[in-house]
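To keep things clear, I will list the structure first and then write my remarks on it.
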There are 2 protein chains.
Amino acid sequence: MHTKSRTNDRPVAIDRRVARTRALLKQALVELIPERGFAAITVEEICARANVGRSTFYTHYEDKEALRQATMEDHLQKIGRARGSQHEGDQAFAFSLPMFEHALEFGPLHRALIADRRDAIHDQLRDKVRKAVRCELAGRTPDGIPDQIAVEFLTGAFLALLGWWVESGYPLQPVELDDHFQKLATAGLPLTGSEQATSQAHA
Amino acid sequence: MHTKSRTNDRPVAIDRRVARTRALLKQALVELIPERGFAAITVEEICARANVGRSTFYTHYEDKEALRQATMEDHLQKIGRARGSQHEGDQAFAFSLPMFEHALEFGPLHRALIADRRDAIHDQLRDKVRKAVRCELAGRTPDGIPDQIAVEFLTGAFLALLGWWVESGYPLQPVELDDHFQKLATAGLPLTGSEQATSQAHA
DNA sequence: TCTGATTCCAGACATACTGTCCAGTATCAT
DNA sequence: ATGATACTGGACAGTATGTCTGGAATCAGA
């Protein structure tokens with residue numbers, strides 16, 4: 001599948017029909033998800049939207065799931081390639097801003113494929129983020145906190161922020177959001193209020 | 001449905017048969033989820049496991065989803081009631097430890113109904129946690145960070161930690177995990193390594 | 001213990017989606 | 001131009017859904 005190499009050097013371009021069909025199916029899926037939610041979509045619907053025969057669908061993808069995987073893959077690759085831009089302020093975590101920026105740029109697509117926490121899609125992205133976090137943390141976790149815990153903590157926090165931001169229509173600039181994320185991640189919530197905790201009363 | 005009140009004061013106990021049927025269905029669901037995953041389970045399967053006629057199922061619940069909702073509701077109520085135990089150390093956030101402890105106590109149940117991020121279940125719990133966090137934060141967010149952002153950040157971080165802990169078989173004591181959470185939440189990750197950030201090279 | 005009300009059940013039904021297969025047609029690369 | 005490949009619509013069996021029966025079992029209350 002994928003690309004086929006003829007001899008051994010450059011991969012030969014995919015048959016135009018194949019490319020066309022797959023692109024149409026992916027696009028149809030992306031259009032449909034925000035309208036009806038992934039779970040409710042049927043293969044027939046996707047094909048109708050894409051103007052592709054249902055039997056054709058199954059020659060390319062095993063499943064509705066497989067199509068989503070492929071589409072998601074495309075999408076994540078795009079994020080990876082976008083890493084080049086690199087603003088690189090004086091932040092502690094480099095992965096977050098590019099991600100936020102991508103989420104803004106590919107708004108509807110992102111909302112459809114990634115921000116939909118109600119579907120299984122998120123996991124793939126979560127893994128990607130987890131890796132980025134683990135890489136950037138690289139043994140610099142403070143005190144007695146296990147690396148894994150810090151990684152999960154940050155990954156969850158980041159994805160929650162990202163999801164909220166996308167779902168509420170990008171109420172901040174990417175840089176602002178990233179600043180908040182950086183501050184919360186590195187400095188925490190010192191809880192500026194009068195007392196520091198619930199420890200006021202007893203023990 | 002639910003409970004029916006005869007005149008106007010105390011609600012009359014539910015018909016034994018109804019109670020029995022619903023309990024059996026809920027229990028069957030909880031048993032089945034870890035075995036095959038919620039999405040793959042069929043109504044017939046649930047009924048078979050519960051020894052309940054399939055037609056009976058539909059007189060109680062509209063849907064597989066409705067059953068899950070109801071089961072989840074039961075479960076969350078249990079968490080709510082457990083709030084009484086209250087260890088209350090000198091931590092900043094009071095909601096976390098009881099939650100961790102409950103997750104440990106109702107291990108399989110919790111894993112089945114809540115920790116399965118791949119299903120839609122999580123959202124309900126997320127809302128609950130969000131509320132708890134927002135309540136405990138109550139305007140004490142530091143600096144220029146919007147409340148909502150702090151809330152999402154913490155909610156995400158907490159749920160990620162909870163999910164990881166449950167899925168990896170409770171490798172820590174609840175109190176330990178909670179300590180780590182508290183520390184990360186209030187003090188952040190000062191990044192103890194040599195340099196503080198990626199700012200070393202340029203600009 | 002009797003009785004009317006409620007709930008359970010098995011089974012049948014229409015509907016919908018899935019995944020596979022085919023033979024005919026259109027499009028591709030060369 | 002031609003052989004290879006991909007697309008098509010339609011048919012197919014299999015499975016799940018949700019609704020509806022009428023009769024049997026179980027209930028609560030007197």
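Letters go in sequence order (proteins before strands), and every chain restarts at 1. Keep in mind that the numbers below use all heavy atoms, side chains included, and drop hydrogens, waters and symmetry copies.
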* Between C:dT7 atom P and B:Tyr61 atom OH, what is the distance in whole Å? -> 13 Å
* Asked: Considering only heavy atoms from C-beta outward, does the side chain of B:Glu35 approach that of B:Arg49 to under 4.5 Å?
  -> yes
Tabulate atom names and distances for all N/O pairs under 3.5 angstrom spanning the protein and nucleotides 21-27 of chain C.
residue	atom	partner	partner atom	Å
C:dT27	O2	A:Arg17	NH1	2.7

* Interatomic distance, B:Leu24 CG vs C:dT7 P [rounded to whole Å] -> 16 Å
* Listed partners of B:Ala103 passing side-chain contact (heavy atoms from CB on, under 4.5 Å), at least two apart -> B:His110, B:Leu162, B:Trp165, B:Val166
* From D:dT17, C:dC28, C:dG19, pick the nucleotide closest to the side chain of B:Thr42? -> D:dT17
* With sequence neighbours excluded, what pairs up with B:Asp74 under the side-chain contact (heavy atoms from CB on, under 4.5 Å) test? -> B:Lys26
* Using only side-chain N and O atoms of B:His60, determine if any of them is under 4.0 Å from OP1 or OP2 of C:dT7. => no
* **Length of the line joining A:Glu65:CD and C:dC17:P, which is rounded to integer Å** => 18 Å
* **Given D:dC7, D:dA6, C:dC9, the nucleotide with the shortest approach to the side chain of A:Asp15** => D:dA6
* Mind calculating the distance between CD1 (A:Ile14) and P (D:dA4) to the nearest angstrom? => 21 Å
* Structure fact -> The salt bridge (Lys or Arg N to Asp or Glu O under 4.0 Å) partners of B:Glu44 (sequence neighbours excluded) come to none
* **Test item: B:Val43 and B:Tyr58 side chains (from C-beta on) under 4.5 Å apart, heavy atoms** => yes
* Looking at C:dC8, D:dT17, D:dT8, which one has an atom nearest to any side-chain atom of A:Thr56? -> D:dT8
* Find the distance B:Leu67:CG to D:dG18:P and express it as a whole number of Å. => 12 Å
* Asked: Do A:Glu31 and A:Gln27 have side-chain N/O donor and acceptor atoms under 3.5 Å apart?
  -> yes
* For DNA chain C, what residues of residues 45-53 of chain B have any heavy atom nearer than 4.0 Å? -> B:Asn51, B:Val52, B:Gly53
* Whole-Å distance separating the CD atom of B:Glu44 from the P atom of D:dG14 -> 16 Å
* **Partner of A:Glu152 under side chain to side chain donor-acceptor pair (under 3.5 Å), chosen from A:Arg134, A:Arg126, A:Arg130** => A:Arg130
* Asked: Between C:dG19 atom C1' and A:Glu62 atom CD, what is the distance in whole Å?
  -> 10 Å
* To do: Check whether any side-chain heavy atom of A:Leu25 sits under 4.5 Å from a side-chain heavy atom of A:Leu29, and report yes or no.
  => no
* Asked: Between D:dC7, D:dT17, D:dA11, which nucleotide has the shortest distance from any of its atoms to the side chain of B:Tyr58?
  -> D:dT17
* Structure fact -> Closest to the 5' end of DNA chain D, once B:Lys64 and B:Arg16 are matched to their nearest nucleotides, is B:Lys64
* Axis-to-axis angle between the two ends of the helix from C:dT1-D:dA30 to C:dT30-D:dA1 (five base pairs per end, rounded to 10 degrees) -> 50°
* To do: Indicate the atoms forming the closest heavy-atom contact of B:Pro34 with B:Val30, along with that distance.
  => CD-O, 2.9 Å
* Using ring pair (Phe, Tyr, Trp, His ring centres under 6.0 Å) as the criterion, point out the one residue from A:Phe95, A:Phe93, A:Phe158 that pairs with A:Phe100. => A:Phe158
* Asked: For the atom pair CZ (A:Arg68) and CD1 (A:Ile46), what is the distance rounded to the nearest 0.5 Å?
  -> 10.5 Å
* Between D:dT17, C:dC8, D:dC27, which nucleotide gets closest to the side-chain atoms of B:Arg54? -> D:dT17
* Structure fact -> B:Leu25 CG to C:dC8 P, in whole Å, measures 9 Å
* Asked: Under a 4.5 Å cut-off applied to non-hydrogen side-chain atoms, are A:Phe38 and A:Lys64 in contact?
  -> yes
* **Nearest-nucleotide 5' precedence on DNA chain D, B:Phe57 against A:Arg20** => A:Arg20
